[in-house]
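Here the structure comes first, spelled out in structure tokens, and everything after it is commentary.
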Amino acid sequence: MDGPLNPPDDPPETPYLELLARGAPAEAYERPGLLARAGKAPAERLAALERAKLLALRVRGELEGRRRREAELSALFETAHDLAGLRDLDAVLQAIVQRARSLLGTEVAYLTLNDPTAGDTYMRVTDGSVSARFQQLRLGMGEGLGGLVAQTARPYVTDSYFDDPRFQHTRTIDAGVRDEGLVAILGVPLLLGSNVIGVLFAADRRVRVFEREQIALLASFAAHAAVAIDTAHLLAETRTALAELEDANEIIRDRSGVIERASEVHDRLAELVLRGGGVRDVAAAVAEVLSGSVEFLEADQAPPDALDRSRADGHAVRHGEDWIAAVSAGGELLGALVLHGHPRLDPVDQRTLERAAMVTSLLQLARRSAGEAEQRVRGELLDDLLDAPDREPRLLRERAARLRADLDAPHVVLAASIDAPRAELAPGTAEDAADRQRLWSAASHLAATRQGLAAARDGGTVLLLPLAESDGADALARRTARQLATAVHAPVTVGASAPVAAPAARPAEVAASYAEARRCLAALRVLGRSGEGAAAEDFGFLGLLLAGTRDGAPDGTRVRDFVTRTIGAVVEYDARRGTGLVRTLDAYFASGMSPARTKDALHVHVNTVAQRLERVGRLLGEDWQSPARSLEIQLALRLHRLTAGAAEAER
């Protein structure tokens, strides 16, 4: 076969996989495309073949590079192996021990090595041994015959070990020797220069006298063993040095690549700043250079712990599989750059991410400077809504449209204030002024992103934010408190008004709503809930007092809303089932919450009262008889009677 076939129905990768499998030359990779062109294949097929060819050539290049590197490393280690002249240390030591046993005619031979770290000597090789305890012995320096040889660097021999008083007998050593059944033992040191690295032994399980020639023979075997061990150590050191050299070369190559990446990202960031790029452009540039995914997160969206650590240290910090670099300026937290997909980030690349965060902060400040004029305009429009309720609605709409705000949609007025100790204890100071400025900046930024308005007022900040259909004033207040607190890095308390249906059509309602929001803010502080956000509806019947009276929202509406929230489920149940749960509740509270007196007032059995109260509990919740809830329920019952009576009178 001249080349791979290329049927039109086969995947475009098939011919190239065949070429890779048989190790074809590079020029053969052009043949599938030529065959496809000759067969007038469609353009899509040709393009797919071209992509597959390029990918296959890359794979071929990678395979050839790996084969080359493997051949080089193999030749390098084979050369080091040959120079060391040692194939297998265990095999050499085992052969020495076996030959010593054979030539000396002993029943057992063994070799121990010194452990400088532990300060003792341990069993390394045995031949003829049958005891597992003996094969795992460790001898302290000076203990037993072997410990004495290792300590003195001199041969020692005994024809009856247990009867020889020259050795320091220990329970562990004697138990191992007895378990092996040894009696006569000869030990000679393994010497490297003047250093003892171990001991070579020959032993019998019977009384025996070792001759001088036998001692000399065992000593010569010990010399061979010492040389083999030294050669193995030299080989190990050579291999370690080669590995360290390879690691050093890899580090140099890696450092070179990192420096090139750092230089590239520096040039890219400088270009972005000069041509007025944005935060997303910075994230895209860093992601491309670091081969990862980079995104900019607002301060309230980033992991708070990692963000605080990065802001405090001034460095990017690891968070799980990601890296977080705080974007801050002038003590204000502006957001964070998050790098995904690099759990082990190089220090130079880490500094690259930190430099990108610094550039991002500069771009954010530049954008803020450009937006301050717009913020002032937003503040002036909100000031006019609060101070000049007789403004022409058409002019208000036109001014709002230029700011991308829709004042004919429902909005909520929010009053916000920092509750840091210095702001409370030292009003009028430079620190207090700085806190207020930071709060206004953060509120203005939030208003701009939400198409709302913000202004500094009454020692705090007032916001007019649009309300989504699925949102509520209370939820918006809590979310705003969290966002502002994260931005200024201090607790922020936020009070919210009830929704204003169309601020442009009824500007007078905005001022009344601001007064309501201020009352909610004051109530939060009085109740010890500083640093939270809430609307009047969060305070139960106290919300009736906080809400007051506004044009378009008469007291009757407030009362009905309170009654519905408090006992609406019971009233609706009575209306659907024709039951008397509301009347039972009235009698129950009028009787001092006594079921016995309640049944007398209603002229029913006490079990009927218990069943009705159990039903009330399921409708209102298990805590309906707690002091706070029962107070609200009693007030709601009275208001329900009043409103029902008023409605009956009107009919």
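In this chain, residues are counted from 1 in sequence order.
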Just how far is it from atom CG of Leu137 to atom CG of Asp120, taken to the nearest 0.5 Å?
11.0 Å

Taking all atoms of both residues into account, what is the closest heavy-atom pair of Pro499 and Leu467, and its distance?
CG-CD2, 3.6 Å

Please identify each residue that fulfils side-chain contact (heavy atoms from CB on, under 4.5 Å) with Ala24, with sequence neighbours left out.
Leu19, Arg22, Ala28

Can a salt bridge be assigned to the pair Arg309 and Asp305 using a cut-off of 4.0 Å between side-chain N and carboxylate O?
no

Short question: side chain of Gln94, backbone of Thr126 - any donor-acceptor pair under 3.5 Å?
yes

For the CD atom of Glu295 and the CG atom of Leu339, what is their distance to the nearest 0.5 Å?
10.5 Å

Are the side chain of Asn114 and the backbone of Val196 linked by a donor-acceptor contact shorter than 3.5 Å?
yes

What heavy-atom pair brings Val412 and Ala473 nearest, and what distance separates the two atoms?
CG2-CB, 4.1 Å

Residues passing the side-chain contact (heavy atoms from CB on, under 4.5 Å) test with Ser131, sequence neighbours excluded, are Arg133, Phe134, Asp179, Glu180

If I compare all heavy atoms of Ala447 with all of Ala454, which pair ends up nearest, and what's the gap?
CB-CB, 3.8 Å

Can you confirm whether Leu111 sits close enough to Leu200 that some side-chain heavy atom of one is under 4.5 Å from a side-chain heavy atom of the other?
yes

Applying salt bridge (charged side-chain N to carboxylate O under 4.0 Å, His left out), name anything that partners Arg101, two or more places apart in sequence or on another chain.
Asp127

Do you know the tightest heavy-atom contact between Pro491 and Ala485?
CA-CB, 4.5 Å

Quick check: does any side chain N or O of Thr480 sit under 3.5 Å from a backbone N or O of Leu476, one acting as donor and the other as acceptor?
yes

Quick one: list whatever passes salt bridge (charged side-chain N to carboxylate O under 4.0 Å, His left out) with Asp471, sequence neighbours left out.
Arg479

So which atom in Ala325 and which in Ala316 form the shortest heavy-atom distance, rounded to 0.1 Å?
CB-CB, 4.1 Å

Student check: side-chain heavy atoms of Leu453 and His411 closer than 4.5 Å:
no

Nearest 0.5 Å please: distance from the OH atom of Tyr29 over to the CD atom of Glu27.
10.5 Å

Is there a donor-acceptor contact under 3.5 Å from the side chain of Arg397 to the main chain of Leu407?
no

Side chains of Val59 and Leu63, heavy atoms from C-beta outward: is any pair under 4.5 Å?
yes

From Leu113 CG over to Arg124 CZ, what is the distance, rounded to the nearest 0.5 angstrom?
6.0 Å

If you measure from the Lys or Arg side-chain nitrogens to the Asp or Glu carboxylate oxygens, is any gap between Arg58 and Glu62 under 4.0 Å?
no

Test log, rule side-chain contact (heavy atoms from CB on, under 4.5 Å), inputs Gln483 and Val492
CA-CA 9 Å; Gln483 292 171 336; Val492 177; over 6 Å; no

Given 3.5 Å as the limit, does a donor-acceptor pair link the side chain of Tyr16 with the main chain of Leu57, or not?
no

side-chain contact (heavy atoms from CB on, under 4.5 Å) with Leu446: which of Thr461, Leu414, Leu484?
Leu484

Please give me the minimum heavy-atom distance between Ala490 and Ile418, naming the atom from each residue.
CB-CG2, 4.2 Å

His319 side chain to Val317 backbone, donor-acceptor under 3.5 Å
no

Tell me, which pairs form a salt bridge (charged side-chain N to carboxylate O under 4.0 Å, His left out) where one or both residues lie in residues 32-42, sequence neighbours left out?
none

Give, for atom OG1 of Thr14 and atom CG of Leu49, the distance between the pair rounded to the nearest 0.5 Å.
9.5 Å

Ala226 meets the side-chain contact (heavy atoms from CB on, under 4.5 Å) criterion, sequence neighbours left out, with Leu190, Leu192, Ile197

